[in-house]
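Below, all heavy atoms of this structure are taken into account, side chains as well, without hydrogens, waters or symmetry copies.
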Amino acid sequence: MNVELIVDSTVDVPEHIRSRLTVVPLTIHFGQEEYLDGVTLDKHRFYERLGESDVLPPPSQASPAAFDREFRRVRRSGGSAVVLTISAQLSGTYQSACIAAAPFKESVFVVDSENATIGERILAERAWALRDEGLSAADIAYCLNQEKKDIRLVASLDTLEYLR
């Protein structure tokens, strides 16, 4: 059975890895303007907008509908999926994925990375390796849930301005 890896757009992976994943974009709002992360707004432009805007974009999340579209596609293909999201403490994306996954209990397994960016990347790369070893989606999700406890993200910031 084919196992697909689905991530949200906050995962920080190089393009050669990103092209092997299905990426569900988060929605970013700058005032009344709405963008899809990595689709209609790339990272470079996002940081430009941060500097230009008086109002910071509120925390965002991918919608259940965006995940549902991908889960239906996976089911039509006869495959299964492991979904890796940004920490549920930082975004509602994990909850959106769980809502959308409810009708797909046997084939879609959602994992809260309990991390962000590079921490998610580590888990995404591990999921890919486990997939290549032939593990099922359920087994990959189980391994990720065990191994995520060993990942710690440490960051050095130039400014605290955008963390408020």
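Closest heavy-atom contact between Leu84 and Ala124: CD2-N, 3.5 Å. Contact detail for Ile86 and Asp112: the closest heavy-atom pair is O-OD1, 3.7 Å. When all heavy atoms of Ser60 and Thr93 are compared, the closest pair comes out as O-OG1, 4.3 Å. For the residue pair Thr27 and Glu34, the shortest heavy atom distance occurs at CG2-CG, 3.3 Å. In plain terms, the two heavy atoms of Ser91 and Gln61 that are nearest each other are OG-CB, 3.6 Å. The shortest heavy-atom contact between Pro103 and Ala100 is CD-O, 3.2 Å.
Under the 4.5 Å side-chain criterion, counting only non-hydrogen atoms from C-beta, Val82 is in contact with Val3. Under the 4.5 Å side-chain criterion, counting only non-hydrogen atoms from C-beta, Val74 is not in contact with Ser107. Inter-residue side-chain proximity for Glu70 and Glu4 is flagged as unmet; no heavy-atom pair is nearer than 4.5 Å. The shortest distance between side-chain heavy atoms of Ser96 and Ser63 does not fall below 4.5 Å. Contact annotation: the side chain of Arg73 approaches that of Thr22 to within less than 4.5 Å [non-hydrogen atoms, C-beta and beyond]. Residues Val110 and Phe67 form no side-chain contact, since every pair of their non-hydrogen atoms from C-beta on lies 4.5 Å or further apart. A 4.5 Å side-chain heavy-atom check between Ile28 and Phe30 finds at least one atom pair inside the cut-off. Residues Thr85 and Val83 are in side-chain contact: their nearest non-hydrogen atoms beyond the backbone lie under 4.5 Å apart.
Interatomic distance, CG of Leu123 versus CG of Leu5, reported as 11.5 Å (0.5 Å rounding). Taken to the nearest 0.5 Å, the OG atom of Ser53 stands 9.0 Å off from the CD atom of Glu33. One finds the CG atom of Asp68 at 8.5 Å from the CZ atom of Arg75 (value rounded to the nearest 0.5 Å). Distance CD1/Ile151 to CZ/Arg121: 12.0 Å, rounded to 0.5 Å. Residue Asp139 holds its CG atom at 14.5 Å from CZ of Arg131, rounded to the nearest 0.5 Å.
Within the structure, ring-ring contact (aromatic ring centres under 6.0 Å, His included) pairs that include any residue of residues 87-121 comprise Phe71-Phe104 (at least two apart or interchain).
Defined by atom type and a distance below 3.5 Å, a donor-acceptor pair is missing between the side-chain atoms of Ser87 and Glu114. Side-chain polar atoms of Tyr35 and Arg45 form no donor-acceptor pair below 3.5 angstrom. Side-chain atoms of Thr10 and Glu120 include a donor-acceptor pair closer than 3.5 Å. For the 3.5 Å distance criterion, the side chains of His44 and Glu48 qualify, holding a donor opposite an acceptor.
When the side chains of ILVMFWY residues are joined at heavy-atom separations under 4.5 Å, either directly or via intervening members, Val111 and Val108 end up in two distinct hydrophobic clusters. A continuous path of hydrophobic side-chain contacts links Leu130 to Trp128 [ILVMFWY only; heavy atoms under 4.5 Å]. Transitive grouping of hydrophobic side chains (ILVMFWY, heavy atoms separated by less than 4.5 Å) keeps Ile6 and Leu36 in distinct clusters.
A donor-acceptor pair under 3.5 Å links the side-chain atoms of Asn145 to the main chain of Ala141, judged by distance alone.
In this structure, His16 has no side chain to side chain donor-acceptor pair (under 3.5 Å) partners at least two apart in sequence or on a different chain. Residues meeting the side-chain contact (heavy atoms from CB on, under 4.5 Å) test with Ile17, sequence neighbours left out: Val13, Pro14, Arg20, Leu21, Glu125. For the side chain to side chain donor-acceptor pair (under 3.5 Å) test, residues two or more places apart in sequence or in another chain that qualify with Glu147 are Arg126. With sequence neighbours excluded, no residue satisfies side-chain contact (heavy atoms from CB on, under 4.5 Å) with Glu106. Ser9 pairs by the side-chain contact (heavy atoms from CB on, under 4.5 Å) definition with Val23, Pro25, Leu26, Asp37, not counting sequence neighbours.
Annotation: Phe46, atom CZ; neighbour count of heavy atoms from other residues, nucleotides and ligands within 6.0 Å is above 12. Other residues, nucleotides and ligands contribute more than 12 heavy atoms inside 6.0 Å of the CD atom of Gln146.
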